[in-house]
Amino acid sequence: MTIAAAVGPARRRARIAYLLLLPGIAWLAIFFIIPLISLFFTSLQVSTGSSGKYKAGFNWRNYVEALSEYWEFFLRALIYAGFATVLALVIAYPLAYFIALKAGRWRALMLVLVVAPFFASFLLRTYAWKTILADDAVITQTLNALHLLPDGRILNTSIAVIAGLTYNFLPFMILPLYAALDKIDPRLIEAGSDLYASPFTTFRKVTWPLSMPGVVAGTLLTFIPAAGDYINAELLGSTKDKMIGNAIQTNFIEFRDYPMASALSFILMASILIIVTVYIRRAGTEELV
Amino acid sequence: MAWLRSKLLGIVAVLVLVYLFVPIAVVAVLSFNNPEGKFNVSWNEFSLSAWGNLCGVAGVCQSFILSIEIALIATLIATVFGTMIALALVRYRFRGRGAANSLIFLPMATPEVVLGASLLALYLNLRLPLGFWTILIAHIMFTISFIVVAVKARLQGMDPRLEEAAQDLYASPWQTFRFVTFPLVLPGILGAALLGFALSFDDFIISNFASGTTVTFPIFIWGAAQRGIPVQVYALATLVFALALVGTVLGQIVSSRRRRKLAASS
Amino acid sequence: MSEPRRATPVEDLNLVKLSKIYGGLAAVDDLTLTIPGGSFFALLGPSGCGKTTTLRMVAGLENPTSGQMFVGAQEITDLKAYKRPVNTVFQSYALFPHLDIFENVAFGLRRRGVKDVTGPVERMLDLVELTSMARRKPGQLSGGQQQRVAVARALINEPDVLLLDEPLGALDLKLRRQMQIELKRIQVEVGTTFVHVTHDQEEAMTMADTIAVMNQGRIEQLGAPTQIYENPATAFVANFLGQCNLVPGQITGGDGDNAVLSANGFNFSVPRSRIHAAGSSAILGVRPEKITMYWADEPLPAGHNRLEGTVTDVSFTGVSTQYLVKVPWGQELVVFEQNLSLEELSRRGEHVQIGWAPGHTFALDGAEDITAGMGSHVVGA
């Protein structure tokens, strides 16, 4: 009798949990999972000859075509996103560290300022970089005077695209880094500087490993959207800087070549999943969220 | 030199913040510009004409209001659903918990183009008319995960003994939620909702797939970019940013004042 | 002053064959226990002994694997936590940070639909001397004040049983002493049964009428503090409650009230009432403070147990001095001497006699492990 009593509440609790999950999970199942499946079938459709009209089939050649036609776009997306992620990490870390461990009473205000750019239009901010990086702007003029620019300009080069990606996804790097650094007991860092004396060794042996969950989460939250982005390439790059996102967008919306766009989407997702899995294994953490 | 070394980190931190705000400052400055041609990209002369006539360009205010409507409804629904999921994931043990966790994470690990493309593939297959509802559905979908993550973090930071104490003090499960869990998690939920609103209001990539001929504010900007973005758009964007910033900063100041006053009275 | 003492008589708390099994391991193992109504009862044991699990089962925060629980005649085994006539003072208090002190204390009454809470809350705050703090938030109170709020918040519901989970663990030593007296006063004043879980033997002995020493999910010994301290029944209890000298031997005979226990060729007398051995194999026990040190040529009181030895270590602790004395079979016995005399302390290497009254000797069963409970208690707490 008492055993049944012990099992009863547990079962009832599980039922409450399922009820709580139901609406949200159902929403995601219907509008995320089913579309993905639908996208997969679309990626195998066969052309009927007329634009925008396709019929069901298992045309695996779509994938071969997608890869042979757009492999450079994939490569660029991964390379640009990779550069942007590393740059964002380097830029975000000092700020996150400062907010978590040194900011004192300024901490709350600084966090607000980190999130604030979300409230200024993403498109307009990217557009603003056109003004900042323009050929006759201060930055370009200065760097040109120092002969640091191979093309003599920034705008409409891959540098501008990478700069734009770095800028746009920076808050997604700062916030998880901050969350991880905030959990570190400052006494550990003090103990580290007591043991290792040099600040650099302390950082390498204590702070960096302890902030690893934040580094992993931050790099993923930066890399994934950056790899799929097409706004920065469209607005800041030249036609030679287009990324896979551009290819998916144009194929879907302009060419209405749905099977091609779907195949490209699946290849992008698969490559991201592979990179992420390998990366998480290497970084040795399973706790992403 | 020693002073510089001790302050170096702080200086770098402030520089990074400045970097975050440079393009926003450019937008704000350009909202007071009277552009030379149709492209509002470089400074010409000071003008208040856009601010004096925010809806002066056809379609700009309609799209702005539409975006606010969608963001409000999407945030409300996603916050309710997301908070429920977060509660279930943190407070209950059940079969399928791992799968539910993955399902929450996956949309965040999917590039927006793929989310947009797949939704459009579904809409096309179902022959759903594109517009307000298809945008709303998409926004709720991609906002839920962010809400779950934010609320989950807050719930995990909460001492589980507080809920046990409530139960011990005659609070039924519902009362425990109503009088203890909810008020303690509320700041986290509000923060998450604010983020959700910003993500939805500003979304272009997914909306562009799901919208058909309906024009949200970001879609309006994108469309206008070819023939020159009207200065009104800069003014509206600056207005939203300023309101959000002033609102949150004031909120911070008020709550820290209150905290300090309480501390002083003890 | 209004009298907060409860009107209804206090019921006993009965635990019957209570077990809690986690993944094949019994945290609480077939526990049967009666806690008399109105008593101050301590569950004492090292961490992991099952005391907190027992408490959580009584509170309804954990379901027992088997067994039953009763308050008086009412079975509470399957009753939800929020329906039990039991309240808890949590470890580190678990005060609601978003509610002020008044609302924290009023919480239980409000949940049960009591309309006018002002009177009872004010009386309760008066009892714990926090009337002036009513509108503060918990974060603005000191540790000791928070502790008293936690007690008030639980007691206002007039529970049949008040559970206290390591209630003083978060306080510093001085405040802890103060709160021990304070809690005892409150308990006498309200008359409710207090069940106090602690790993601190001194705290248990100071406050409780009855102590149950728990080890590995079972109760080792139950009794009044003096009884279990002076006459421990197991090596675990002997070692866990303070220090103890234990010497394995045999019961070889005796006369009248006293038995003779011989160990390593020496004979000691032990009162028969203090023998806990089933057979003749036994362990001699005597606490360090019962032993007196004598100079080598000094006469001992008649009938005292006596040994000769060499001082191997002296440590002065202020109130007393702790000596280690090496006895003929090589064991080092611990001796506490109060620093009464103005004479010089004995020195290391000095030859001395030690002796104690037979009435302070006890004998444990020979099968006991003489190291049980060592090192698991908190030194100097």
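In what follows, chains are A, B, ... by sequence order, proteins preceding strands, each numbered from 1. None of these values were measured; they are calculated from a predicted model.
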Q) Is it the backbone or the side chain of B:Asn208 that comes under 4.5 Å from a heavy atom of chain A, or both, or neither? A) both
Q.
Using a 3.5 Å distance criterion without hydrogens, assess whether the side chain of B:Tyr92 forms a donor-acceptor pair with backbone atoms of A:Ile16.
A. no
(Q) So for B:Ile85, is it side chain, backbone, both, or neither that comes closer than 4.5 Å to the heavy atoms of chain A? (A) both
Q. Of the options A:Ser262, A:Ser38, A:Pro35, which is the one that meets B:Ser118 in a side chain to side chain contact (heavy atoms under 4.5 Å, CB included)?
A. A:Pro35
Q | Approximate separation, where rounding is to 0.5 Å, of B:Leu17 CG and A:Leu95 CG | A | 5.0 Å
Q | Which portion of B:Leu106 sits near chain A, non-hydrogen atoms under 4.5 angstrom | A | both
Q. How are the rings of A:Trp129 and B:Tyr19 set relative to one another: parallel (under 30°), tilted (30 to 60°) or perpendicular (over 60°)?
A. tilted
Q. With only heavy atoms counted, which part of B:Phe142 is less than 4.5 Å from chain A, the side chain, the backbone, both or neither?
A. neither
Q.
Would you compute the distance between atom CG of B:Leu103 and atom CZ of A:Phe32 and round it to the nearest 0.5 angstrom?
A. 7.0 Å
Q) Which answer fits B:Val233, side chain, backbone, both or neither, if we ask what part of it has an atom under 4.5 Å from a heavy atom of chain A? A) both
**Q.** B:Trp43, part contacting chain A, at a heavy-atom distance under 4.5 Å
**A.** neither
**Q.** Selection from A:Leu170, A:Leu123, A:Val112, A:Ile99 maximising heavy-atom pairs under 4.5 Å formed with chain B
**A.** A:Leu123
**Q.** Contact class of B:Leu8 relative to chain A, heavy atoms under 4.5 angstrom
**A.** neither
Q | Region of B:Phe204 in contact with chain A, defined by heavy-atom distances below 4.5 Å | A | side chain
Q.
Could you check whether any side-chain heavy atom of A:Leu36 comes within less than 4.5 Å of a side-chain heavy atom of B:Leu122, counting everything from C-beta outward?
A. no
Q) What part of B:Ile147 is in contact with chain A, defined as an atom under 4.5 angstrom from a non-hydrogen atom: side chain, backbone, both or neither? A) neither
Q.
Between A:Ile91, A:Leu22, A:Leu19, A:Thr42, who has the most heavy-atom pairs with chain B when the cutoff is under 4.5 Å?
A. A:Ile91
Q. When the ring planes of A:Tyr230 and B:Trp222 are compared, do they come out parallel, tilted or perpendicular, using 30° and 60° as the limits?
A. perpendicular
Q.
What part of B:Leu194 gets within 4.5 angstrom of chain A, counting heavy atoms only: side chain, backbone, both, or neither?
A. both
Q.
With heavy-atom distances below 4.5 Å as the criterion, would you say the side chains of A:Leu21 and B:Met84 are in contact?
A. no
(Q) Please classify the contact between A:Tyr18 and chain B as side chain, backbone, both or neither, with a heavy-atom cut-off of under 4.5 Å. (A) side chain
Q) Under a 4.5 Å cut-off applied to non-hydrogen side-chain atoms, are B:Met141 and A:Leu28 in contact? A) yes
Q. For B:Ile144, is it the side chain, the backbone, both, or neither that has a heavy atom closer than 4.5 Å to a heavy atom of chain A?
A. side chain
Q) Which answer fits B:Ala86, side chain, backbone, both or neither, if we ask what part of it has an atom under 4.5 Å from a heavy atom of chain A? A) neither
Q. Side chain, backbone, both or neither: which part of A:Tyr127 has a non-hydrogen atom closer than 4.5 Å to chain B?
A. side chain
Q. Checking heavy atoms, do the side chain of B:Arg91, its backbone, both or neither come under 4.5 Å from chain A?
A. backbone
